[in-house]
Undergrad: 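The following block contains the structure, expressed as structure tokens.
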Amino acid sequence: MKTAMKVARYEGSNVLRSRWMLVYTLFFLAASYGLLRFAGSGTKALLSLMSVVLFLVPLVTVVYGTVYLYGAREFTELLLAQPVKRWQLYTGLYLGLTVPLSLGLAAGVSLPFVLNGFDEPALAGTLAVLVLAGVALTSVFTALAFLIALRYDDRLRGLGAAIGLWLVLSLVYDGLVLFLIATFGDYPLERAVLALTLANPVDLARVMLLLRFDISALMGYTGAVFQRFFGGASGAALAAVILGIWMAAPIALGQRAFRRKDF
Amino acid sequence: MIEVTQLEKRFGALQVLRGLDLNIGSGRVTAVVGPNGAGKTTLIKIILGLTRADSGSIYIDGKSIDADDDYRSRIGYMPQIGRFPENLSALDLMALLRDLRGAEGSVDEELVDRLRLGGELRKPIRTLSGGTRQKVNAVLALLFRPDILILDEPTVGLDPISSGIVKDKILAERGAGRTVVLTSHIMSDLEELADDVAFLADGQIRYAGTLFDLKRITRQNNLERAVAAMMTWEKAA
């Protein structure tokens with residue numbers, strides 16, 4: 001693990017010093033500050049910020065991660081020619097990407113709120129959940145970026161796969177769910193929709209956040225079912241476990257692909 | 001000595017190495033040559049552990065490289081293209097490699113002085129020219145005084161003066177008893193440096209021996225023509 005940490009430190013400092021990282025952080029800083037300024041209340045600002053985070057974090061993470069890994073291909077080979085084990089290198093590279101991206105997001109989103117002070121006591125908790133959800137999505141989509149970059153040697157195909165994956169999980173999936181609801185609206189679909197929500201990390205993060213805002217009434221009967229499910233201790237635990245699986249599975253698969261790869 | 005026996009590697013439908021055998025002598029410079037796609041890069045990558053062979057084995061001083069990863073602390077590798085993290089400096093890279101190798105004691109910075117890199121070491125890599133990056137690449141390969149040097153096109157992109165300095169350094173390393181494995185498309189460079197030549201075609205070694213013998217067998221007086229003659233025979237066969 002010590003070796004992995006050394007790699008992570010240097011890779012991380014390389015990512016932190018990149019111009020993209022600065023743009024990413026400043027963007028969230030500006031969005032957070034602007035929404036706080038003009039939304040009226042902290043809760044409303046957070047609700048809008050949630051949409052921005054859920055939309056952009058997966059996109060930026062998976063695309064930046066894939067492009068970064070292609071660019072680092074030759075250097076990765078040089079590191080592999082050193083006396084290190086592949087799992088150490090994979091862990092180091094993964095953390096070197098995930099940690100700076102998470103830090104940038106967390107700093108950008110929360111700094112304006114911290115400086116502004118929390119007008120409601122529940123706000124700090126909701127902000128923390130939003131940051132945690134953002135970090136979870138960052139770690140899921142960085143691992144997916146590894147899987148893509150290891151799977152396709154051709155950069156263009158890899159980039160296409162990254163954008164395609166984001167489109168599917170962020171837009172197409174929800175469209176299909178809506179289509180399903182509209183088509184089979186006469187049937188009791190709540191459990192099916194619940195299962196579909198758990199199966200997509202972006203949706204899962206969204207529902208967990210929406211329930212924190214206590215606006216599930218807007219989601220009708222489905223919202224009530226969700227509220228009962230996620231509100232209960234077992235439902236919330238299940239949701240957390242599934243988000244954990246969403247983080248662990250791509251990391252483990254990426255690890256396996258990295259170990260077997262012929263560079 | 002590096003002993004390669006019966007190495008086989010297939011990428012999908014493409015059989016790249018077909019039972020390749022080769023002995024690379026210690027304290028000598030061995031040039032690996034052959035037509036494009038003959039398997040030179042694959043051979044080097046398997047020795048480095050970047051790619052895994054389907055079958056066959058490689059022993060370094062009698063010890064299999066599959067046993068553990070420590071054998072790589074004896075190897076200095078100079079990849080063909082020196083692409084490094086853009087925002088780190090050459091000094092950062094030197095520190096990272098030193099950390100990873102657990103190297104202690106003094107390092108070999110002769111090339112830093114001779115290539116006049118002193119002023120460039122603290123700058124982010126992205127601000128360096130292609131030639132300067134290639135110089136950094138050479139410095140990194142030689143920094144920890146490894147017993148074995150694997151150099152993939154070491155003089156590409158260097159001006160004649162720097163290229164000469166790097167070649168002198170390679171010969172000095174051989175003089176110090178180090179083993180050097182070299183590929184290059186610049187035959188005059190190989191002619192200057194190589195003691196031995198390994199000619200690869202179609203995934204097998206077609207000739208392995210001294211440069212002198214290769215020229216004698218092919219009745220040519222320079223390496224370029226000798227390799228060309230080998231390639232012509234290869235096609236005729």
Side-chain angles (χ1 to χ4, degrees), chain A residues 1-24 64 67-93 96-97 100 104 150-155 256-263, chain B residues 9-12 16 41-42 44-54 65 68-89 91-103 124-126 133 136-137 140-141 143-144 146 148-152:
Chain A
M1 208 57 199
K2 247 172 84 184
T3 308
M5 285 306 147
K6 287 172 191 165
V7 176
R9 206 176 74 225
Y10 288 97
E11 288 287 342
S13 83
N14 179 50
V15 173
L16 270 182
R17 285 182 227 171
S18 82
R19 205 171 305 149
W20 282 109
M21 197 59 230
L22 187 69
V23 171
Y24 187 61
Y64 180 79
V67 170
Y68 184 86
L69 287 169
Y70 282 124
R73 178 73 186 256
E74 285 86 1
F75 189 61
T76 306
E77 290 184 13
L78 181 62
L79 293 181
L80 281 168
Q82 311 301 320
V84 292
K85 296 193 169 25
R86 287 202 175 188
W87 73 263
Q88 296 172 324
L89 206 52
Y90 174 78
T91 311
L93 288 173
L97 260 175
L150 290 168
R151 171 77 178 73
Y152 301 104
D153 281 332
D154 183 68
R155 283 159 202 243
R256 204 176 79 123
F258 193 78
R259 276 219 306 268
R260 293 183 173 189
K261 173 91 179 163
D262 280 333
F263 283 89
Chain B
K9 181 66 189 180
R10 171 189 287 277
F11 289 110
V16 181
T41 306
T42 306
I44 285 178
K45 286 187 166 180
I46 292 177
I47 294 177
L48 288 165
L50 295 179
T51 298
R52 288 195 186 104
D54 297 332
I65 64 165
D68 61 70
D69 300 307
D70 285 341
Y71 78 96
R72 289 201 287 264
S73 57
R74 298 179 53 190
I75 297 180
Y77 170 48
M78 179 172 174
Q80 199 174 110
I81 313 166
R83 285 191 64 178
F84 307 111
E86 300 269 286
N87 307 304
L88 297 182
S89 68
L91 274 185
D92 290 330
L93 297 176
M94 289 158 80
L96 169 60
L97 292 192
R98 176 192 270 271
D99 271 1
L100 289 184
R101 297 174 80 104
I125 296 286
R126 79 183 117 80
R133 288 178 205 205
V136 170
N137 196 9
L140 291 176
L143 198 59
F144 303 100
I148 300 165
L149 286 166
I150 297 182
L151 311 174
D152 200 352

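Basis for what follows: all heavy atoms, side chains included, without hydrogens, waters or symmetry-related copies. None of the values given here were measured: they were computed from a predicted structure. Within every chain, numbering begins at 1; the chains are lettered A, B, ... in the order of the sequence lines, protein sequences first and strands thereafter.
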Undergrad: Of all heavy-atom pairs between A:Y10 and B:L96, which one has the smallest distance, and what is that distance?
TA: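 Heavy-atom minimum between the residues: CD1-CD1, 3.2 Å.
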Undergrad: Using non-hydrogen atoms only, which part of B:F144 is less than 4.5 Å away from chain A: side chain, backbone, both, or neither?
TA: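 No part of B:F144 comes within 4.5 Å of chain A.
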Undergrad: Hey, are the side chains of A:V7 and B:L100 touching, using non-hydrogen atoms and a 4.5 Å cut-off?
TA: yes
Undergrad: Side chain from CB out, backbone as N, CA, C, O: work out which of these in A:R73 comes under 4.5 Å of a heavy atom of chain B, or both, or neither.
TA: neither
Undergrad: Go through the atoms of A:A81 and report whether side chain, backbone, both or neither lie under 4.5 Å from a heavy atom of chain B.
TA: both
Undergrad: Give the minimum heavy-atom separation between A:Q82 and B:R72, together with the two atoms involved.
TA: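 Looking at all heavy atoms of both residues, the shortest contact is O-NE, 2.9 Å.
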Undergrad: Please determine whether side chain to side chain contact (heavy atoms under 4.5 Å, CB included) holds for the pair B:K45 and A:E77, giving the CA-CA distance in whole Å, both sets of side-chain angles, and the decisive distance to 0.1 Å.
TA: CA-CA 9 Å; B:K45 286 187 166 180; A:E77 290 184 13; 3.6 Å; yes
Undergrad: Less than 4.5 Å to any heavy atom of chain B: does that hold for the side chain of A:K261, its backbone, both, or neither?
TA: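 The backbone, not the side chain.
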Undergrad: Looking at chain B, which one of A:Q88, A:R9, A:E11, A:R86 has the largest number of heavy-atom pairs inside 4.5 Å, strictly under?
TA: A:R86
Undergrad: About how many Å separate CG of A:L78 and CG of B:L140, when rounded to the nearest 0.5 Å?
TA: 6.5 Å
Undergrad: Tell me, out of B:I75, B:L93, B:L97, B:N137, who's got the most heavy-atom pairs with chain A below 4.5 Å.
TA: B:L97
Undergrad: Quick check: do B:I125 and A:F75 have side-chain heavy atoms less than 4.5 Å from each other?
TA: no
Undergrad: Measuring only between side-chain heavy atoms, which start at C-beta, is B:T42 closer than 4.5 Å to A:D262?
TA: no
Undergrad: I'd like to know if the side chain of A:R17 reaches the main chain of B:L88, judged simply by a donor and an acceptor atom lying under 3.5 Å from each other, with no hydrogens or angles considered.
TA: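 Looks like no, no N/O pair under 3.5 Å.
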Undergrad: So for B:P85, is it side chain, backbone, both, or neither that comes closer than 4.5 Å to the heavy atoms of chain A?
TA: both
Undergrad: Give a yes or no on this: more than 12 heavy atoms of other residues, nucleotides or ligands lie within 6.0 Å of atom CZ of A:R151.
TA: no
Undergrad: Please find the pair of heavy atoms, one from A:P83 and one from B:R101, that lie closest to each other, and give the distance.
TA: CD-CG, 3.9 Å
Undergrad: Against chain A, label B:A95 side chain, backbone, both or neither, depending on which of its atoms sit under 4.5 Å from a heavy atom there.
TA: both
Undergrad: Mark yes or no for whether B:N87, through its side chain, and A:V15, through its backbone, hold a donor-acceptor pair below 3.5 Å.
TA: no
Undergrad: Could you give the distance from CG (A:L80) to OH (B:Y77), rounded to the nearest 0.5 Å?
TA: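 Atom-to-atom, A:L80:CG and B:Y77:OH are 10.0 Å apart.
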Undergrad: Picking from B:L50, B:D69, B:L48, which has the most non-hydrogen pairs under 4.5 angstrom with chain A?
TA: B:L50
Undergrad: For the residue pair A:R260 and B:R52, what are the closest heavy atoms and their distance?
TA: CA-NH1, 4.2 Å
